[in-house]
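Let me begin by presenting the structure, written as structure tokens, before commenting on it.
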Amino acid sequence: MTRKLPMYKAISEAIAQEMERDEGIFVMGEDIGVYGGIFGATNGLLEKFGPERIRDTPISESAFIGAALGAASKGMRPIVELMFVDFFGVAMDQIYNHIAKAHYMSGGQVKMPVVIMTAIGGGYSDAAQHSQCLYGLFAHVPGLKIVIPSNSYDAKGLMISAIRDDNPVMYFFHKGLMGLGWMPSPDEATVEVPEEPYTIPIGEAKVVKEGSDITIATISRMVYEALWAAEELEKEGISAEIIDLRTLVPLDKETLIGSVKKTGRLLVVDEDYMSYGMSGEIISTVVERIGNELKALPRRIAYPDVPVPYSRALEKYVLPDKEKIMETVKEMI
Amino acid sequence: MPVEEISKEELLWMYETMVRIRVHEERVAELFAQGKIPGFVHLYVGEEAVAVGVMANLRKDDYITSTHRGHGHYISKGGDIKASMAELFGKKTGSGKGKGGSMHIADLDVGELGANGMVGGGIPHAVGAGLGIKLNGLDRVAVAFFGDGASNQQNFHEGINLAAIWKLPVVFVCENNQYQISLPYDKQQTIKSVAERGKAYGIPGVSVDGQDVLAVYEVAKEAIERARRGEGPTLIEAKTYRFRGHFEGDPQVYRSKEEIEWWKKNKDPIKLFEQKLLEKGIVTKEELNAIWDKVKKEIEEAVKFAEESPWPSKEEVLEDVFSTPTKGVLVWQW
Amino acid sequence: MAVVREITFAQALNEALDYEMSKDPKVVVMGEDVGVYGGIYGVTAGLYDKYGPERVRDTPIAESGFIGTAVGAAATGLLRPVVELMFIDFLGVTFDQLYNQAAKMRYMFGGKAKISMVLRTTCGAGFSAAAQHSQSLHALFSHVPGLKVVMPSTPYDAKGLLISSIEDDDPVIFIEHKGLYAIKGEVPEEPYSIPLGEADVKREGKDITIVATAAMVHKSLEVAEKLEKEGVSVEVVDPRTIVPLDVDTIINSIKKTGKLVVVDEGYPRASFASDIAALAASKAFDSLKAPVKIVTPPATPVPFSPALESEWIPSTEKIEKAVREVL
Amino acid sequence: MGVEEIPKETLLEMYKKMHKIRTYEETLAKWYYEGKTPLFDISAGPIPGELHLSPGQESAAVGMCIHLKDEDAVIGTHRAHHFAIAKGVDLKRMTAEIFGKATGLSGGKGGHMHLFDASKNFSCSGIVGASFPQAVGVGIAAKLKGENYVAVAVGGDGAANQGTFHEALNLAALWKLPVIFLIEDNGWAISVPKDKSTAVAKNSERAKAYGIPGVSVDGADVIAVYEVAKEAVERARRGEGPSLIEVRVYRLRGHFEGDPQAYRPKEDFELAKEKDPLLNFEKLLLEKGITTEEELNRIKEENEKEVQEIIDFAVKSPYPEPEEALKGVFAGGE
């Protein structure tokens, strides 16, 4: 049985089904209980599992994320929600110096089956401290798997995989994909989702549209901007292949490089900051291996290196979108 | 504090400023609902007495650091309302040229060092202002405003400890509005009052009714004078209540309508203050009405200014990241 | 007449701090053990005796607290703090104050705030200090907009860049590689500044460009010297500052040589090295005669055992191998 | 409770562990300086990297861990050998780890500041204050699983000013978790004396900020530590929630080996000798007639022999294969 589910319900359903299966799973975070998570990712869980397993926390990110490590070391499988990824700065040490490294530093004695889920993305005038993506920053530090679904089907399957993974997984959901009543989301993100649990392997990209002239590698909400651009370009006779990377660590290099080999052109579209992030990583991954097979210089459309501005006029100008993609693709061909 | 001990001028300033905050916030709520103000706004309705009672004791050259619920602090510190309204609209004439928005409004000219989207983020900034004051031998004071939720966050602990060991002229004002978004106070911590935490830093901790502007005025006065005398920081907890949701659009499933109504009816800081002023014969109803009219006009002017202001030009998005011109590429555009 | 002596990297930094403190009473130094101890690496030695405990402030271990304090003090314009974060690895407990506060205040407040502060910190592996005291995390600071990021490789650069950083009106992250503190070099006694955003060609060459940072500059120079004997001419470019980045110097060098190896001690993914590689591909696509190679540590935490750590750090052998592959 | 009420075998076990710690640490110190002279090179010699030793602080570890079982967790700091030994960590493998050998607890990947022994639920971290939240997590696991193990988070007096201390104590108090926060107050955060870093004289005072018991105890007297720790452990096992214990100790050596300690006044060194918990305990045991010199000498000889064997094992063990550096980032062979 499948039905159309918005992403936030797909995520909470995945967590609920896993919690029923495994008593070791519990959730911590701010406003995840009665409120059901500010972005609905824990919708309905408190009613099902009670306050012991669905724990509302004080604003103490360092403490409850660090607590996830302690609980994991005792065989639990904690899920923590960091309300906005922008808040990671107050808890980063527990994430990158401890949770990410414990397995390695302990010579494999300790496993860290921790899921840290967090909201990303802008486009709704939430300004510089509530609109960032920052997954590139987490991809930089070793020991974390980086998962970023773009639709409700992937969201459920990847969440179940994340929970079952014995490693720490950072699970990023874009606010503008969740299908919330109060925040616009592309219709395409709300898709048919099977009722029963299923997994999607972490580390498999998905070709969401096949094409022959150019590869557009992208992730999260930018998948749709790329799709909309590709539809228009199709009318002009340009055939773009779109890859939804889905996970940044591990990165599905095979699919990426295979596609660029075929098309000879690479455009990376990323909502995270431009410098020292995902876009540079994808391009260098390709140029290091098949730099001499490219027909055009690889390009990237990412967030320029400015904080996220508040005003609609300004934010629209810097946010990567369909128009910018079309323009760049035409320049490349 | 008995009203008799405060000058009429000062009492009227407090009343007018509370009204200004109230009218401003309710107007912002309307504009937000109309879609004229984007993003998230966190309004200060119900908490006016805290900002005003504290700010009545501050000078223009004193400093404050604020929170995501910062309009009340900004207004009472003397921030330019036209500039903040334009900022809320995202206009070029805004205090942040449209780059900051509600959570990042600042007016450095009046010592308002900024609202802050990060819970507890501004606490150490006030400590830094206090350090600057001390090392420059000034008699200014820095006040950090923050919520009950922030009192469980790292910066509360680190910031107050620093101010205490260095005896800095800083006053820490916890606006305990009893909810950390949806989490009630008694599920955040086990102690009755945040003020008890003063003991952990060897500094005075005082709890006060945040709906009573004169009570706030009194404890703030003592703390601020103490700070100016070089005797170090004080922690104040003002027990208050936000009459609206955490942000506009908050469904407020975590508290009952009755509870909200009770507070509005019995603990409205403006009504309570008004009653006292009238009872004591300090002002007439007409005088008060005139204040409301004046303030409403002023806010409408600010709205008009904001509406008529131009949008920032697109290219401005790349400006103001850095101040010192430098060689090399600072802001990438590929 | 200019007096030039040989002094260490640490002494060069100390001179820069001393000069700035003597010149501007607003400059204060804060951090753990910067006072009586003189800094764990001796960089603040003597400053406490000279300027006293008010301006050379020992702090509790509360990085978010005292770095946030520096941000607030800078925002008022009353002070120009120079704070020390003992190891860059500790950024996790204080990152918010840097990337969400210091970095963004000016922008969010429409250009009205000046956050004139310097965060000095240390990076680098090679001392068996393991996974939490050996990292080179400059990419994290460089990824978020609003911070200038400086990484000197020689005593001369260290002094001039630190003076520029303290006099700069923006927040600067000044990263000192622990392996460089003891190296000596010629440094003028007089104060001087090196503009941020100017790369330095540490060695000219025509066959291949190596872009390297901090300690990796020296390893790359070693390789260059070795290869010269075989008639290979290697150009070594030291960007010196990651933000702002002197793109022109890097691109011009690649255009000249047509080949690029990037050597950096940061982790490989979403990194300085991968970004420079992408930069080369985007800006010098037509000049590139071979795929770009990057030489970095693997994407693993820093291992403790010397046997493992020496494998982890980019070595001259690995740099040489990469250069030969690109040639 | 007096020393008379503690069974002799427990007392001798405590003595043996304290003496073993001392012997071990002093032996390790000798090995540490091998190959590092004439110019001190931190990365050279058989023991590379930083080394933080614990002589003078044995009572905190032994007085606490004597009450713990294997399933109880101890999360230590950068200075953790004494807790590891008291917790029963395999010393051969721990030492091999410190020497960077393949036979080490973590195969040489963790080192002195990152000792892990999953079988003994022991770990430690090089980041000041990191242990507190992690112990909270162990407490949650105990609660959710309905088991009665406890977690001990160790931190120095410096760590008590770090934000994690505040956040974690609040969380443990709020959720009534079986966690013991043990502050080893050796008076110095590296070179910064406690009165310049901490706004209260005793960190146990800070318990008031969380509504939990807080006790300060003289670490010169291991029996006093034993008693306080016993009560806290029992309280935690009964489900009554966390406690904060401050043990006042004196560091007999520098912050790390190679620390010139120029910052430390002479009196402090003298006091450290006076407060030596091992000597005090030895004296007590003899004075009370609980044991004899001969018995103690036998224990000492056993320890010395054991430590020698341990060091031999580490020295003779092979280094790991360099390629191992690339393995083991992720569980599941990735």
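Predicted model only: the values in this text are computed from it and were never measured.
With a threshold of 4.5 angstrom between heavy atoms, B:L131 approaches chain C through its backbone and through its side chain. Of the atoms belonging to C:T59, heavy atoms from both backbone and side chain fall under 4.5 Å from chain B. Contacts between C:Q97 and chain B at a heavy-atom distance below 4.5 Å involve the side chain alone, from C-beta outward. Residue C:E63 touches chain B through its backbone alone, counting heavy-atom pairs closer than 4.5 Å. For B:V317, the parts sitting under 4.5 Å from any heavy atom of chain C are the backbone and the side chain alike. The contact between B:L138 and chain C is made entirely by side chain atoms (from C-beta outward), counting heavy-atom distances below 4.5 Å. Contacts between B:N116 and chain C at a heavy-atom distance below 4.5 Å involve the side chain alone, from C-beta outward. Heavy atoms closer than 4.5 Å to chain B are found in the backbone of C:L147, but not in its side chain.
Interface check for chain B: of the options C:R57, C:E167, C:K114, the most heavy-atom pairs under 4.5 Å are formed by C:R57. The most heavy-atom pairs under 4.5 Å with chain B, out of C:A74, C:A62, C:S64, come from C:S64. Chain B forms the most heavy-atom pairs under 4.5 Å with one residue out of C:E54, C:Q101, C:M105, and that residue is C:Q101. When C:N100, C:L79, C:I67, C:T94 are compared by the number of non-hydrogen pairs under 4.5 Å with chain B, C:L79 comes out ahead. Contacts with chain B were tallied for C:D169, C:I115, C:D248; C:D169 has the most, counting heavy-atom pairs under 4.5 Å. In terms of heavy-atom pairs under 4.5 angstrom with chain B, the leader among C:A103, C:G111, C:P81 is C:G111. For the options B:Q154, B:K97, B:H104, heavy-atom pairs under 4.5 Å to chain C are most numerous at B:H104. The most heavy-atom pairs under 4.5 Å with chain C, out of B:G117, B:G159, B:G120, B:A129, come from B:A129. Taking chain C as the reference chain and counting heavy-atom pairs below 4.5 Å, the highest number among B:D109, B:I123, B:N155 is found for B:N155. Most heavy-atom pairs under 4.5 Å with chain C: of the set B:V127, B:L113, B:I165, B:L135, this distinction falls to B:L135.
A 6.0 Å sphere centred on NZ of B:K134 holds more than 12 heavy atoms belonging to other residues, nucleotides or ligands. For NZ of B:K91, the number of neighbouring non-hydrogen atoms (other residues, nucleotides, ligands) closer than 6.0 Å is greater than 12.
Residues satisfying the side-chain contact (heavy atoms from CB on, under 4.5 Å) criterion with C:P25, sequence neighbours excluded, are absent altogether.
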